[in-house]
Amino acid sequence: ISLYEAKKSGKGCYVFWQRDFLKGSTPERVQMESELREAILKDELVLHFQPKVEAQTGKVYAFEALVRWNHPRLGLVYPDRFIGIAEESNLIIELDRWVLNAVVSQLTQWHQSGLPILEVSVNISAAHVTRLGLLDVFRSFLDQYPYLSECLEIELTETAIMADPDQATVVLNKLREWGVKASVDDFGSGYTSLGYLKKLNAHTLKIDRSFIDGITYDVYDRDVAKAIIALASSLSMDVVAEGVETQDQWDLLQAFGCKYLQGYFFSRPQCAQDIESDYLRPLQL
Ligand code: C2E
Ligand code: CA
Ligand code: CA
Ligand code: CA
């Protein structure tokens, strides 16, 4: 049902879905779907983590978890190729759950080996928000590991929120009550009503990468980015610019008052081991 809604709004992740759908023949897609189902059971998925940094200092303060599929024949497959298929087939619920479990066990492992713990955000799909169950999953994790409420966050795209804004509002407010922060992902690419934005009580806006791309040469992109930063500030929300690839973009965003940044300029998503050796161990010293 939620996918149908996403279709109607015609933006964001649905575009990927449509593209993949049209590219592959139906049998290929069906095969991909059943392989993915098995991959989840066989733990063929892996998590990478991309740092988020403070604009002023370039210091890493958090990570975003991004899933990859370590496919036996195709090698490392990126989510744009399979999230759409998963979303279309409800497999996305199992996939999101796999990711949540994997993030929690990674955090627990770091925690237990005495490493400093930074915030980790997890992408949650529309289907998972509109169905009940997400809150139960979070509740049981938090009961088991109370420290998680300080470091576990969720990212929800604008499109996912607007698929069922009332339900998204309920879920985000509950999570906030439990201490779990939420970001509105890909902000500016969809059509969130400002009325909902306030009611959602999300902690952070993530400026969609498409605006950051043109920020140094396109007046429109620059104005949109500035407007989002101003909006976040007037709603007392944090703001992260994603897809920062150059020093010039960094300088401009910092001048506009954007406090947090993420992008290849700072780091590509990396496997857990590299995150541990590059960022967590040095913090320990
Ligand atoms: P997203 O949530 O907007 O994630 C950001 C994407 O932009 C990631 O691609 C990241 O690698 C990429 N990126 C980061 N910095 C830069 C940059 O400076 N330049 C460029 N060109 N790209 C950058 P990735 O990992 O391929 O993920 C694509 C999308 O797949 C994500 O977009 C998210 O919507 C979805 N996704 C990824 N992991 C998960 C997951 O665990 N669960 C769900 N439901 N969706 C996921
Ligand atoms: Ca995201
Ligand atoms: Ca994003
Ligand atoms: Ca996206």
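First listed ligand is number 1; within each ligand, the first listed atom is number 1. Note that the numbering runs from 1 along the sequence shown for the chain.
Contact atoms of ligand 1 toward R68: 11 (O), 24 (P), 25 (O) (distance under 4.0 Å to a heavy atom of the residue). Below 4.0 Å from some heavy atom of G243 lie the following atoms of ligand 1, by number and element: 16 (C), 17 (C), 18 (O). Near V67, with a cut-off below 4.0 Å to any heavy atom, the atoms of ligand 1 are 38 (N), 39 (C), 40 (C), 41 (O). Heavy-atom proximity to E245, at under 4.0 Å, picks out these atoms of ligand 1: 17 (C), 18 (O), 19 (N), 20 (C), 21 (N). The distance from ligand 1 to the heavy atoms of D186 drops below 4.0 Å at these ligand atoms: 3 (O). Ligand-side atoms of ligand 1 in range of D96: 42 (N), 43 (C), 44 (N), range being under 4.0 angstrom from any heavy atom. Close approach of ligand 1 to P269 is summarised as follows: ligand atoms under 4.0 Å from at least one heavy atom of the residue are 11 (O).
Classification of E94 and R97 as a salt-bridged pair fails, no side-chain N sitting under 4.0 Å from a carboxylate O. The existence of a salt bridge linking R139 and D143 is confirmed by a sub-4.0 Å separation between a basic side-chain nitrogen and an acidic carboxylate oxygen. Using a cutoff of 4.0 Å between basic side-chain nitrogens and carboxylate oxygens, R281 and E276 are scored as salt-bridged. Classification of E33 and R29 as a salt-bridged pair fails, no side-chain N sitting under 4.0 Å from a carboxylate O.
A donor and an acceptor atom, one from each side chain of T246 and D248, are nowhere located under 3.5 Å apart. E35 and Q31 share a donor-acceptor pair across their side chains, judged by distance under 3.5 Å alone. Checking T157 against D186 by side-chain atom types alone, no donor-acceptor pair falls below 3.5 Å. For the 3.5 Å distance criterion, the side chains of D166 and Y196 qualify, holding a donor opposite an acceptor.
Among heteroatoms of the N, O or S kind in D186, OD1 lies nearest the Ca ion (ligand 3). Residue D185 approaches the Ca ion (ligand 3) most closely through its N/O/S atom OD1.
Inclusion of Q262 in the set of residues having an N or O under 3.5 Å from an N or O of ligand 1 is not warranted. Residue Q50 has at least one nitrogen or oxygen atom sitting less than 3.5 Å from a nitrogen or oxygen atom of ligand 1, judged on distance alone. An N or O contact shorter than 3.5 Å is missing between P79 and ligand 1 by distance.
The distance from the Ca ion (ligand 2) to the nearest N/O/S atom of S183 is not under 3.0 Å.
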Applying side chain to side chain donor-acceptor pair (under 3.5 Å) to E177 and N173, what does each step give before you reach the verdict?
CA-CA 6 Å; E177 202 177 291; N173 276 285; over 6 Å; no
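Under the 30°/60° scheme for interplanar angles, the aromatic rings of Y145 and Y147 are found to stand perpendicular.
Between S121 and the choices E155, K206, K181, E64, the side chain to side chain donor-acceptor pair (under 3.5 Å) rule is met once, by E155.
The cationic atom of R268 (NZ for Lys, CZ for Arg) lies less than 6.0 Å from the six-membered ring centre of Y264 and within 45° of the ring axis.
For I83, every heavy-atom contact with ligand 1 shorter than 4.0 Å involves the side chain, none the backbone. Contacts between R209 and ligand 1 below 4.0 angstrom, taking non-hydrogen atoms only, involve the side chain exclusively. Under 4.0 Å from ligand 1, not a single heavy atom of T157 appears. Here L47 has no heavy atoms under 4.0 Å from ligand 1, in either its backbone or its side chain. Residue contacts with ligand 1, taken as heavy atom pairs separated by less than 4.0 Å, involve V99 solely via side-chain atoms from C-beta onward. Contacts between R268 and ligand 1, counted as non-hydrogen atom pairs separated by less than 4.0 Å, are absent for every part of the residue.
Ligand 1 has no atom lying under 4.0 Å from any heavy atom of E87. By the 4.0 Å heavy-atom criterion, E64 is counted among the residues contacting ligand 1.
V129 approaches V171 most closely through the heavy-atom pair O-CG2, 4.0 Å. The two residues L156 and I124 have their closest heavy-atom pair at CD2-O, 3.5 Å.
The Ca ion (ligand 2) lies at the vertex of an angle of 90° between the OE1 atom of E155 and the OE2 atom of E64 (rounded to 10°).
With distances taken over non-hydrogen atoms, the option nearest atom 33 (C) of ligand 1 out of N123, L45, I124, D208 is N123.
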